[in-house]
Every structure is written in structure tokens, then in C-alpha cells.
Amino acid sequence: MASILIQNLGPIRNYSMEIEKFNLLIGEQATGKSTISKCIYFFRTIKNELVEYLYNYATEKNYARGKEQQFPRALNRVMKDIFVQLFGFSWDLDSNLHLEFKFTDEVQISVTLEEGARGKKYIGIKYSDFLIRNIKKIESQLNDSYQESNDLNFNFASSERVRLHKDILEMVNDLFNDHCETYYIPAGRQLLTLISSQKTKLDYDSIDLVNRKFMQFNESIQSKFVNGISNAHKFYPVPDRKFDVGKIASDIKTGLKGDYRLTSAGERIVLKDGEQIQVNFASSGQQELLWLYNQLFILMLRQEPAFVIIEEPEAHLYPTLQKDVVEFISQFTNINNSQVLVTTHSPYVLTSANVLYYAGTLGKTKMSQVSHILAKEKWISPDTFVARKLENINGNTQTESLVDEDAHELRTSLIDDVSDDIGKTYTKLYYAEVNDENT
């Protein structure tokens, strides 16, 4: 089981968690939800960068022969740049920064600030000895297989390059005991829709890493919706799917209150009466929801296991639709053998997850009865669920588990403080009115 430790980064002084299949963080602004999300994202991107390093090692003549081009130094240069894009420069960070991510007990990676010349701080990334040894073994294997080949220029067919890349990806995934690609669905999706509509004027280098990756992935899959959501599966022919494509597509269109299509005139939401609306003129809720649904749907169609970070899935949505979105996300994890980290401000998201968690618990002994009430693919397994409340106290983030394992439900009362405050204020106003009448 993967886990993360965060010390002295942003509002977080000391935070640790085991990472499960469904992870839910709730709390006010500035409590560290995005910091935790970006830390997990950073460590998980190391897998991708390692794959690219090994692929270049195998295919480029004389690659990684100098010390500066060898693992881990070559990889560290890339990872330090990603770290800066996510968290800023080292001189702005706490000198006691310590981050640690465990994919397994043997595959571990840590980040600290280390002191260099003239007292300057720099980002230090370290890998467990087990990881280093096994990367060296993979390098040796690739060296024996490709570097000594007569074809040093490696001018082979593109299909062979794809096969090699896939083989390296599998080796790295096996080493990390993790076969999920990582995606980040950020908050503020409505604004990103507006920005993406200005493609000809867009400078991707001026956009932060998370939002840039999100927009680029969306652009890469837009063409799959030229004939609408219901026909996107035709681009991914699979003889025997594990889910009802038509039902999922129908659920998405119900949530969007229309169909999504990429037309020659641009992105459109097609309403039931046939009217078409430019996506950037659709409602804020539709814009927030569109690429959350579409991304997860495409990953399901591609049968691609993924770790997806989803910020504020409830944004601009009516409570009923918030419930539907939580059910859709849980369904995605179960159908697609995937993991999610969801951050939220909404008590409706939490109470909706509570129902799915309760169904998963009760379903262990009463599967038939529970499945008649709620489809099994929407249940959250009690063994693979983390729910935590984050709270900023005197500038430091405090955390509390919301999972009550004895009662088999979430302690939702811990997060609805505002209802108590509103109720108390209303009671005072009521008694003020009654006392005035009595006087």
C-alpha cells in the first residue's frame, strides 16, 4: 500500500496518510488539500519520467554515458524542475522540508532541502537502495538488448518503438507495483474552458503545470466526440466490456443536460431539442462537469487503470447532481480498476460518499438486498476508503479521520459546522422576537 509523509510544506507541518482506492479530503480553504494533492502528483510523475529516461537510454546512441546523464542525476534534473513548477523555488521553502513517498516497503523516494555552496538551499531527491539497484539492472538489460545492436542509429519501425516503450513501462510499473497512469483534474475548470477556446492565442508555457497537462489531455481526446458521447466508444473497439457503455453515456448526458460534440465550428453542447450552445457559453455547472465526466469516460473506454486527482467535483452543481457525480467517480474506480483522490468543500459530497461506503459495508453480508437499492459498481469498499477532515489551527493543518469503523459510516457531523452556527444564530433571533412580543 502506498503512503505519503509531508513535513513543513505550505500550511502543513506534519501530515501522513496511506493511499487507498478512494481517498477523500474535506476542509476549508488554505488547509492543505491542494498541497497534499500536488505532493502525490509530484511523486507519481517520477514513474513517467523514469520511463522516458530508460527509453532514451535504449534508443539514443551514447545516451547516459557521462555521469551527469546517468540515473539518478539525469532524472533529478527533470524532477527538480517539476517540483519548482508545483511548489516554487527552494529559497522560498522551509529549510526543514521533508517529503517521503512509499510505493512499496522497498520502493521509496524522499525530498529534502540540502545546503550547498555559500549556504544556498537546493532540492535533494533520494531513492531507496532497492530502487536504484533495480533501475541499474533495467539499464543493463536494455544495454545488452539494444546498445550493442548493429543498428546503433535505431532507425526501426515506429511499431517497434511503441513496443519498446510499452515494455519499459511494464518493467517500471512492475518495479513500483503500480500500474496506474496519473491524471489531475484541477479546480476552476470553467475558466480553463474559456482559455482553451482561445487556442490560437494560447501560450502553454505561461500556464502552470497541472492546468497545462489537464488542457493538453482534453485536447488529445476531443476528436473522439465528433459524433457525440454515445459514439465515443467506437474509437476504442473492445469485444467484451465490463460495463454498459450506453448507460454510462446516458448518465453523462443527463448530468450535462445535453450531448457534447466537437464540430467544425468548435465545441458544442447539443440540447434535447437540437439547439447547440458553444461550450464557453454553457452554464458554469456544465463547463465544470464536462471534462470531469469526459476524461473519466475515455479512461474507461481505453480500459486504462489510472490514479486521478479530482479537485472540487461539486463546483457550481446542485446537491442532487453532486450526489450523481460522487456515484460516477466511485463507479469509475470499480469498473476501471483505478484510484482517486477527491478534495472538496461540500458536505453533500461527503454524505453521498457515506451512503456508498455504507452500501459497501452492508453489501458484504446482504449483497442481493443492497444491490437492488444501489448498483454494486457504485459501492465504496470499506477496506479501501480514506476520508479525512483538514482544519487550519493557528497556522498549522490538523487532520482527523472521518471513518467510524465501529458504526460503519462517516462522522459527517464533524464537517457541518456551518449548520450549527446558522441554527444558533436563528435561535437567538427567534428568542429576540419572542421576548420583544412578551415585553
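In this text the structure is predicted, and so the values were computed from the model without any measurement.
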Worksheet item: Is the number of heavy atoms from other residues, nucleotides or ligands under 6.0 Å of Y358 OH greater than 12?
Response: no
Practice prompt. Step through the shown structure and confirm whether more than 12 heavy atoms of other residues, nucleotides or ligands are within 6.0 Å of CG on N14.
Written response: yes
Worksheet item: Does a donor on one side chain sit under 3.5 Å from an acceptor on the other, for S37 and E311?
Response: no
Item to complete: In sequence, state the C-alpha distance, the side-chain angles, and the governing distance for N227 and R261, and then conclude on side-chain hydrogen bond (donor to acceptor under 3.5 Å, both in side chains).
Response: CA-CA 6 Å; N227 296 312; R261 295 192 183 188; over 6 Å; no
Discussion item. For the CZ atom on F130, are there more than 12 heavy atoms of other groups (residues, nucleotides or ligands in this structure) within a distance under 6.0 Å?
Written reply: yes
Discussion item. Tell me whether the count of non-hydrogen atoms from other residues, nucleotides or ligands lying under 6.0 Å of NZ in K80 goes above 12.
Written reply: yes
Worksheet item: Hey, what do you get for CD (E139) to CD (Q70), rounding to the nearest 0.5 Å?
Response: 7.0 Å
Worksheet item: Relative to the ring of F71, is the ring of Y127 parallel (under 30°), tilted (30 to 60°) or perpendicular (over 60°)?
Response: tilted
Discussion item. Centroid separation under 6.0 Å, is that true for the rings of F42 and F83?
Written reply: yes
Worksheet entry | D81/R77 salt bridge by N-O under 4.0 Å criterion | no
Discussion item. Working to the nearest 0.5 angstrom, can you tell me the gap between L410 CG and L402 CG?
Written reply: 6.5 Å
Worksheet entry | Sequence neighbours excluded, every pair satisfying salt bridge (charged side-chain N to carboxylate O under 4.0 Å, His left out) that has a member inside residues 356-367 | K364-D383
Worksheet item: Counting heavy atoms not belonging to K21, are there more than 12 under 6.0 Å from its NZ?
Response: yes
Practice prompt. Might you work through the side-chain hydrogen bond (donor to acceptor under 3.5 Å, both in side chains) test for Q190 and S284, ending with a clear yes or no?
Written response: CA-CA 6 Å; Q190 179 187 6; S284 56; 4.5 Å; no
Worksheet item: When the ring planes of F225 and F297 are compared, do they come out parallel, tilted or perpendicular, using 30° and 60° as the limits?
Response: tilted
Item to complete: Report, as yes or no, whether the 6.0 Å neighbourhood of atom NZ on K102 holds more than 12 heavy atoms from other residues, nucleotides or ligands.
Response: no
Discussion item. Whether the E28 and T31 side chains hold a donor-acceptor pair (N or O, under 3.5 Å, no angle test) is what I'd like checked.
Written reply: no
Worksheet item: CD of Q339 to CG of N337: how many Å apart, nearest 0.5 Å?
Response: 8.5 Å
Worksheet item: Should the ring pair F217 and Y183 be called parallel, tilted or perpendicular, given that the plane angle runs from 0 to 90° and is split at 30 and 60?
Response: tilted
Worksheet item: Is the shortest distance from a Lys or Arg side-chain nitrogen in K166 or E170 to a carboxylate oxygen in the other one below 4.0 Å?
Response: no
Worksheet item: Are a donor atom and an acceptor atom from the side chains of N280 and E267 found within less than 3.5 Å of each other?
Response: no
Item to complete: Apply side-chain hydrogen bond (donor to acceptor under 3.5 Å, both in side chains) to the pair H165 and E52, showing each step before the final yes or no.
Response: CA-CA 8 Å; H165 194 279; E52 295 310 309; 2.8 Å; yes
Item to complete: Check the surroundings of atom CG in D240: do more than 12 heavy atoms from other residues, nucleotides or ligands lie under 6.0 Å from it?
Response: no
Worksheet item: Could you state the interatomic distance from CG (D324) to CG (L289), rounded to the nearest 0.5 Å?
Response: 9.5 Å
